[in-house]
Amino acid sequence: MKKHLVAIGLASLLGASAPAFADSYSNTIAVFRQSGASASFFHRAYGYAVFPTVGEGGFIVGAAIGKGRVYVHGRLVGDTTMTQGSIGFQAGGKAYSQIIFFEIGRAHV
């Protein structure tokens with residue numbers, strides 16, 4: 001079965017938009033559902049992985065890590081993590097939210 005992945009990142013200043021005790025997963029999904037670029041993927045994707053906070057930093061060598069949840073047909077099915085490494089001219093850090101959509105080709109449904 002052929003699957004396609006579509007990743008969309010949303011840069012954000014974390015901590016400024018939601019109360020500390022709010023469900024960060026629900027809030028992040030709501031933001032992506034209302035975003036013009038990613039809203040249409042919710043209707044045609046088999047599932048998605050959402051990462052409310054991905055922290056990235058580096059000086060020459062960099063790394064990013066985020067904890068997320070996987071949803072299939074809107075239902076929570078598990079937890080996941082993402083990691084990334086990089087090397088090159090860089091200095092600093094950032095935090096952002098990310099969602100990865102899982103699509104199945106129509107010929108394979």
Side-chain angles (χ1 to χ4, degrees):
M1 186 179 297
K2 185 177 178 183
K3 293 185 179 182
H4 304 279
L5 301 178
V6 179
I8 298 176
L10 174 68
S12 64
L13 298 174
L14 299 172
S17 61
F21 299 108
D23 179 0
S24 60
Y25 292 97
S26 296
N27 291 343
T28 303
I29 292 167
V31 168
F32 281 110
R33 280 190 186 276
Q34 296 174 14
S35 171
S38 62
S40 66
F41 287 103
F42 283 97
H43 299 293
R44 62 180 193 242
Y46 174 76
Y48 53 90
V50 64
F51 301 89
T53 306
V54 178
E56 183 176 4
F59 182 76
I60 309 298
V61 175
I65 189 165
K67 291 184 179 181
R69 290 184 178 167
V70 178
Y71 296 83
V72 174
H73 299 298
R75 198 184 74 168
L76 176 64
V77 295
D79 296 321
T80 188
T81 59
M82 65 85 58
T83 57
Q84 173 186 333
S86 59
I87 190 165
F89 183 73
Q90 57 187 315
K94 64 181 174 180
Y96 55 91
S97 297
Q98 181 170 326
I99 191 163
I100 301 171
F101 291 96
F102 306 102
E103 294 184 299
I104 297 175
R106 292 182 187 254
H108 302 286
V109 175

With hydrophobic residues grouped by side-chain heavy-atom distances under 4.5 Å, do F101 and Y25 end up in a single group? yes
Could you measure the distance from the OG1 atom of T83 to the CD atom of E56? Nearest 0.5 Å is fine. 12.0 Å
Sequence neighbours left out, what passes ring-ring contact (aromatic ring centres under 6.0 Å, His included) with H73? Give chain and number order. Y46
Would you say the side chain of F41 lies within less than 4.5 Å of the side chain of F32, judging by non-hydrogen atoms? no
Measuring from S97:OG to N27:CG, what's the distance to the nearest 0.5 Å? 9.5 Å
Side chains of F51 and T81 in contact at under 4.5 Å (non-hydrogen atoms): no
Under the side chain to side chain contact (heavy atoms under 4.5 Å, CB included) test, which residues partner L76, sequence neighbours left out? R69, Y71
For S26, what residues pass the side chain to side chain donor-acceptor pair (under 3.5 Å) criterion, not counting sequence neighbours? D23
Could you check whether any side-chain heavy atom of V54 comes within less than 4.5 Å of a side-chain heavy atom of M82, counting everything from C-beta outward? yes
Which residues share a side chain to side chain donor-acceptor pair (under 3.5 Å) with T80, sequence neighbours left out: none
Linking I/L/V/M/F/W/Y whenever their side-chain heavy atoms sit closer than 4.5 Å, directly or via other members, would Y96 and I100 fall into one cluster? yes
Output all residues satisfying side chain to side chain donor-acceptor pair (under 3.5 Å) with Q84, sequence neighbours left out; order by chain, then residue number. none
